[in-house]
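Keep in mind the model is a prediction, meaning the values are calculated, not measured.
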Amino acid sequence: MKQPNGFRVVVTGKGGVGKTTLTACLSRLLSERGINVLAADEDPQMNLPYALGLPLEKAAAIVPLNRNHDYIEEKTGVRPGKSFGSMFRLNPRVDDVVKRFGVQVDENLNLLVMGTVVQAAAGCLCSENVLLDSVMSHLSLREGEAILLDTQAGVEHFGRALAEGFSQCLVVTDTSFNALAVARHAAELARQSGIGRIHLVVNRRKEDGSRKLTELLELTGTDLSNLFDGVHSLPLEPRFEELEPNVTRILQEESGYVSGLIAIAEEMLAFENDRGNAS
């Protein structure tokens with residue numbers, strides 16, 4: 001299959017459903033196919049460096065962008081925690097961010113740890129948020145690489161238009177009612193934001209879970225045909241408990257999870273190839 005020049009995917013869903021594991025494994029899988037990949041971590045737990053297999057000391061030493069006060073002040077003119085001055089910049093230029101703060105994981109795989117937005121007040125116009133918004137805008141314009149964004153739990157990032165410029169969305173859920181309800185809401189917002197293809201990924205699926213999933217989808221009012229362009233299932237993978245924190249080692253084995261992961265990657269690449277051919 002022809003590989004696209006570059007594309008951007010946002011990974012979202014309720015906390016604890018396996019977004020980071022999926023992001024890490026997909027990032028590694030795509031990079032092993034020779035695609036340049038940038039894995040961006042917006043989750044406040046910041047577990048993506050560990051999931052990708054960075055040495056523990058190196059991963060623990062990473063300072064996320066939202067805590068890099070010197071860089072924030074350099075770009076926005078305001079140091080976090082200080083009052084705004086006349087030189088406050090709302091659209092700072094951050095085209096150096098990956099070069100300065102990206103971490104090389106492998107030959108074709110880089111990592112950028114962003115951290116999450118400040119939640120002190122609704123509509124907070126603080127320097128940390130301004131910087132992260134600018135970084136997201138910059139990432140959406142980068143070419144020649146696949147960008148996978150591991151987001152914080154929930155759907156708040158869509159309200160701040162962080163998904164602008166992203167062509168695909170992976171909405172991750174398990175078979176619980178709460179996770180499916182969040183998935184439905186996330187898909188609605190992703191559709192409203194103009195994302196071209198929205199995938200539902202049902203993670204940790206048990207063999208006897210088909211009826212339960214159907215019933216829960218009905219309870220949450222989820223219409224698969226209207227909300228999602230593709231539906232994938234990833235089986236419960238007990239090996240992750242042994243492989244953590246470097247969950248990408250699962251790719252060295254044959255399993256239902258890996259087969260499902262490959263199917264997701266193939267569909268993502270096919271969509272991007274179709275987009276490229278149509279443009």
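- Side-chain contact check for Val9 versus Ile147: every heavy-atom pair is 4.5 Å or farther apart.
- Ring pair Phe7/Phe271: centre-to-centre distance not below 6.0 Å.
- Counting heavy atoms from C-beta on, the side chains of Leu148 and Leu26 come closer than 4.5 Å.
- Using a distance-only test at 3.5 Å, with no hydrogens or angles considered, no donor-acceptor pair links the side chain of Arg8 to the main chain of Gln168.
- Judged by distance alone, the side chains of Asp150 and Thr20 do bring a donor and an acceptor atom under 3.5 Å apart.
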Verify side-chain hydrogen bond (donor to acceptor under 3.5 Å, both in side chains) between Thr248 and Asn246, making sure each step is shown before the conclusion.
CA-CA 6 Å; Thr248 64; Asn246 182 6; 2.6 Å; yes
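- A salt bridge links Glu74 with Arg100; the closest basic N to acidic carboxylate O contact falls under 4.0 Å.
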Pair Asp96, Tyr71 - check side-chain hydrogen bond (donor to acceptor under 3.5 Å, both in side chains), show working.
CA-CA 11 Å; Asp96 61 346; Tyr71 186 69; 2.8 Å; yes
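- Tested against Pro49 for a side-chain contact (heavy atoms from CB on, under 4.5 Å), the candidates Asp41, Leu56, Val103 yield a single pass: Asp41.
- Look at Arg205 and Asp174 and you find no salt bridge, because none of the NZ, NE, NH1 or NH2 atoms lies under 4.0 Å from a carboxylate O.
- Ionic pairing of Arg239 and Glu242 is present here: one or more N-O contacts between side-chain nitrogen and carboxylate oxygen are shorter than 4.0 angstrom.
- The aromatic rings of His199 and His232 sit tilted, their planes meeting at an angle between 30° and 60°.
- Criterion: ILVMFWY side-chain heavy atoms under 4.5 Å apart, direct or through other members. Under it, Leu243 and Ile262 are part of a common hydrophobic cluster.
- Under the 4.0 Å criterion applied to side-chain N and carboxylate O atoms, Glu266 and Arg33 are assigned as salt-bridge partners.
- Electrostatic pairing of Asp106 and Arg28 counts as a salt bridge here, judged by a charged N lying under 4.0 Å from a carboxylate O.
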Full working for side-chain hydrogen bond (donor to acceptor under 3.5 Å, both in side chains) between Gln45 and Gln152:
CA-CA 8 Å; Gln45 301 300 319; Gln152 58 188 308; over 6 Å; no
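- No side-chain donor from either of Asn203 and Tyr257 sits under 3.5 Å from a side-chain acceptor of the other.
- Looking at Ser167 and Glu272, their side chains do bring a donor and an acceptor atom within 3.5 Å of each other.
- In this structure, the side chains of Val10 and Leu170 stay at 4.5 Å or more apart for every pair of heavy atoms.
- Proximity of a side-chain donor or acceptor of Lys14 to a complementary backbone N or O of Leu180 within less than 3.5 Å is not detected.
- Counting only distance, with no hydrogens or angles, the side chain of Arg204 and the backbone of Pro235 share no donor-acceptor pair below 3.5 Å.
- Under the 4.0 Å criterion applied to side-chain N and carboxylate O atoms, Glu128 and Arg67 are not assigned as salt-bridge partners.
- Under the 4.5 Å side-chain heavy-atom criterion for Ile, Leu, Val, Met, Phe, Trp and Tyr, Leu111 and Tyr50 are members of distinct hydrophobic clusters.
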